[in-house]
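Counting convention: from 1, in listed order, for ligands and their atoms alike.
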Amino acid sequence: MKWVYIEDIAGYKNKEVEIRGWLYNKRSSGKVRFLLIRDGTGVIQGTIFSSERESPLFKKFDALTQESSLIVRGRVKEEKRAPGGHELNIEDLEIIQIAQEYPITPKEHGIPFLMEHRHLWLRSQKQNAVLQVRAELIKSIRDFFDGRGFRLMDTPILTPSACEGTTTLFETEYFDQKAFLSQSGQLYNEATAMAFGKVYCFGPTFRAEKSKTRKHLIEFWMVEPEVAFATLDDIIELAEDLVVYITERALEKNKKELEILERDTTSLKRVKKPFPSVTYDEAQKMLKEKGSKMEWGDDFGSPEETLMSEIYDIPVCITRFPAKIKAFYMQPDEKHPDLALGVDVLASEGYGELIGGGQRIHDLDLLEKKIKEYKLPREAYEWYLDLRKYGSVPHSGFGLGIERTLSWICGIKHIRETIPFPRLLYRIYP
Ligand code: 4AD
Ligand code: MG
């Protein structure tokens, strides 16, 4: 008999199939026993009929506990009322293992308990749905860049230098030297962009963020395109195209999951380019009028991100930040050197910053000055300075955080549910 996955079941109407999975739930009603079986790709209702109370299948049914592993065989029937629209008339049931008392029951559990059992929590329907959307999101991002001729470059995770400031660095030993876990692949991508024209890296990044928020992870995944000869405006357009592409793909491919997550997709459907674009100066004035305490020179906090999303109901680009709140490598605005040619894309509905990026300094003298000003050890950046000595060109790029983007698409308020095993402040188990 053919082993099939539940997500493919519609193609096996009236056929005999085998399903391998785990018991999600069960109930009895007269001469019928109902099993909800999950196999990771979906959930299907299985039914066992018998007129004898002592039927061998009923006995096996009685022995089954939540999350017991099993193989069932039977005929697929269309059944509009069943979850998924099909059910399986079970003729054979093979028990693989009877599960011990499962800690996560259909009743509500507190978050600390669920986090402690993250390895099991992943089996529940909502967590499954979020991570299905994640898999599709990553695929759509790869398709977007590959389709535009970008080359994938894998940048190192162990690095001798900081990219995004020294306060969130994770330090480790590297034989007789000091090394850091990568905060961003950007600096290396600036080198690969000069070698390949347009590139992107996609990998885990690490920030020892000391604050506990619902938007920060210690380990998160980021996709970072970098384009030689591109200006701030070019990269903003690329960012808009990317965000439009991935939201459309999620709406098209993840209907089922977004329904499971009860995501109201109205705001996602509004995502069209161009996004509203305001300068930091304009944004700061608007926020003040709305009651924010943010002064010129302060960075956006979570309350400001929420206020911005009350003004605009689609993602918004903020540009030209005070240089002193941004990284050392940002190209200054020609007319206002205290402003940096950076862009942040803020999500709608208060989900926060999806994208950070901008134009990079391409002038050798200026970059040397900035490295000094930011008190960075020059030795670690010699190779980076080289890029400004040998055919330096204006170039730009950005980073999009996968988990931030996923929490926005799925409508998940806390970022911890957007990665299989979140690394959070003071939590590394499981
Ligand atoms: O704004 P960030 O720090 O920019 C960079 O790292 C640049 N070097 C990227 C580049 O230009 N190539 O981070 C980019 C994005 C943020 O907008 C956010 O989505 C995400 O990465 N991010 C985090 N996501 C989860 N947890 C954290 N602690 C994050 N820090 C940044
Ligand atoms: Mg940022």
| task | Show your working on side-chain contact (heavy atoms from CB on, under 4.5 Å) between Ile355 and Val243 and close with a plain yes or no. | result | CA-CA 9 Å; Ile355 287 179; Val243 173; 3.9 Å; yes

| request: Apply side-chain hydrogen bond (donor to acceptor under 3.5 Å, both in side chains) to the pair Ser68 and Thr65, showing each step before the final yes or no. | output: CA-CA 6 Å; Ser68 290; Thr65 54; 2.7 Å; yes

Would [X] count as being in polar contact with ligand 1, using the rule that some N or O on each side must be under 3.5 angstrom apart?
X	value
Gln186	yes
Leu217	yes
Leu354	yes
Met222	no

Per [atom], closest listed option by heavy atom ([options]):
atom	options	answer
atom 31 (C) of ligand 1	Trp408, Tyr200, Phe220	Phe220
atom 13 (O) of ligand 1	Glu224, Arg207, Glu219	Arg207
atom 11 (O) of ligand 1	Glu209, Glu353, Arg423, Arg360	Arg360

Check [Y] with [X], please: is the shortest side-chain N to carboxylate O separation under 4.0 Å?
X	Y	value
Glu164	Arg207	no
Glu190	Arg388	yes
Arg263	Glu349	yes
Lys126	Glu417	no
Arg81	Glu87	no

Which of the atoms of ligand 1 are close to [X], meaning less than 4.0 Å from one of its heavy atoms?
X	result
Ser184	6 (O), 8 (N)
Gly357	11 (O)
Gly401	15 (C), 19 (O), 20 (C), 21 (O)
Ile355	17 (O)
Gly356	1 (O), 9 (C), 10 (C), 11 (O), 17 (O)
Tyr329	7 (C), 8 (N)

| request: Note the single closest protein heavy atom to atom 5 (C) of ligand 1, along with its residue, its atom name and the distance in Å. | output: Glu164 OE2, 3.4 Å

Would you kindly say whether [X] and [Y] are connected by a side-chain donor-acceptor distance under 3.5 Å?
X	Y	answer
Glu226	Thr192	no
Asp143	Ser140	no
Thr279	Asp281	no
Thr231	Asp233	no

| request: Examine the proximity of ligand 1 to Lys215 and report which part, side chain or backbone, both or neither, has a heavy atom under 4.0 Å away. | output: backbone

| request: Report the part of Thr405 in contact with ligand 1, treating N, CA, C, O as backbone and CB onward as side chain, heavy atoms under 4.0 Å; options are side chain, backbone, both, neither. | output: neither

| task | For the Mg ion (ligand 2), find the closest N/O/S atom belonging to Glu353 and write down its atom name. | result | OE2

| message | Looking at Lys293, I want to see if its NZ is surrounded by more than 12 non-hydrogen atoms of other residues, nucleotides or ligands under 6.0 Å. | response | no

| request: Consider ligand 1: state whether an atom of it lies below 4.0 angstrom from any non-hydrogen atom of Trp221. | output: no

| Hey, is there an N, O or S on Asp344 sitting under 2.8 Å from the Mg ion (ligand 2)? | no

